[in-house]
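Note sheet for the following structure.
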2 protein chains.
Amino acid sequence: MVTPTQPAPTDGAEHLLTPGEVASLFRVDPKTVTRWASAGRIGSIRTPGGHRRFRESEVRNMLASLTSEALPQTTR
Amino acid sequence: MVTPTQPAPTDGAEHLLTPGEVASLFRVDPKTVTRWASAGRIGSIRTPGGHRRFRESEVRNMLASLTSEALPQTTR
DNA sequence: GAAAAATTGGGTAATTAGGGTT
DNA sequence: CGTGTCCTAATTACCCAATTTT
């Protein structure tokens, strides 16, 4: 299955998360999430007021891709 | 009342969104959208009863322009 | 005509942004 | 270099009752 160039299928109402929610998921300070956004490490959407929102799907994928499982242990 | 959810769009008519719908798109409180309108940050149309409606195209454009993609991952 | 859901308004907490520092 | 904390200003969220929309 190939993922062709994805133009902008975008909003069909993508669920968005607040900085605080993302921070809770990663167990970091909200400020850190802000830094990730500033550094372009994570996509973000700004409200007209300047606050950031994050795509839940992107955050979930990030969590998954950064997760490592322990290898199964052999019972002896 | 026989009018379905959506009246037939006539020419020139633009699809309008309610404060609640716009709020969902930005993951914000409906009242916040109202403030944007009062502050002139977003165009609005008033119903005879005083409720606000927003142009979908304007909202979509706003969303797009305020969106930042994550930079390509530097796989290390 | 009646009822449920949404929006309006105002007022007060809670988050967030941004810079500078550790 | 990345993260956590302190600070101030700004933005946003939740409370209420009254009105409008469906």
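Values in this document were obtained by computation on a predicted structure and should not be read as measured data. Values below: every heavy atom of this structure, side chains too, minus hydrogens, waters and symmetry copies. Here is the naming used below: chain letters follow the sequence lines, and residue numbers restart at 1 for every chain.
The interatomic distance linking A:Leu17 (CG) with C:dT15 (P) rounds to 16 Å, in whole Å. Summarising the geometry, the separation between CG on B:Asp29 and P on D:dC16 is reported as 14 Å, rounded to the nearest angstrom. B:Phe26 places its CZ atom 17 Å from the C1' atom of C:dT16, with the value rounded to the nearest Å. Rounded to an integer number of Å, the gap from A:Arg53 CZ to D:dT12 C1' is 8 Å. Straight-line distance from the CZ atom of A:Arg35 to the P atom of D:dG2: 10 Å, rounded to whole Å.
Remark: B:Thr32 is not in phosphate contact with D:dT11, judged by side-chain N or O atoms under 4.0 Å from OP1 or OP2. Proximity of B:Trp36 to the phosphate of D:dT11: no side-chain N or O atom is located under 4.0 Å from OP1 or OP2. Here B:Thr34 does not reach the OP1 or OP2 of C:dG9: none of its side-chain N or O atoms lies under 4.0 Å away.
Other cluster members for A:Leu63: A:Leu17, A:Val22, A:Leu25, A:Phe26, A:Val28, A:Val33, A:Trp36, A:Ile42, A:Phe54, A:Val59, A:Met62, A:Leu66, joined by side-chain heavy-atom distances under 4.5 Å among Ile, Leu, Val, Met, Phe, Trp and Tyr.
Between B:Glu69 and A:Arg55, at least one side-chain N (NZ, or NE/NH1/NH2) sits under 4.0 Å from a carboxylate O, which counts as a salt bridge. Salt-bridge formation is not detected for the pair B:Arg27/A:Glu56: no Lys NZ or Arg NE/NH1/NH2 atom is positioned less than 4.0 Å from an Asp or Glu carboxylate oxygen.
The A:Pro30 side chain lies nearest to C:dT16 when the options are C:dT16, D:dC6, D:dA13.
Shown here for B:Gly43 and B:Glu58, the closest heavy-atom pair between the two residues is N-OE2, 2.9 Å. Between B:Leu71 and A:Ala39 the shortest heavy-atom distance is CD1-O, 3.6 Å.
With rounding to the nearest 0.5 Å, the separation of OG in B:Ser57 from NE2 in B:His15 is 11.0 Å. Of the inter-residue distances, the one linking A:Thr34 atom OG1 with A:His51 atom NE2 reads 9.5 Å to the nearest 0.5 angstrom.
DNA chain D is contacted by A:Arg41, A:Thr47, A:Gly49, A:His51 of residues 40-52 of chain A, taking any non-hydrogen atom closer than 4.0 Å.
Evaluation of atom-type donor-acceptor distances gives no pair under 3.5 Å for the side chain of A:Lys31 against the base of D:dG2.
With contacts defined as side-chain heavy-atom distances shorter than 4.5 Å, the pair B:Arg35/A:Pro48 does not qualify. Between B:Pro30 and B:Glu21 there is no side-chain heavy-atom pair separated by less than 4.5 Å.
If one axis is set at each end of the helix from C:dA3-D:dT22 to C:dG19-D:dC6 from five pairs, those axes are 60° apart, to 10°.
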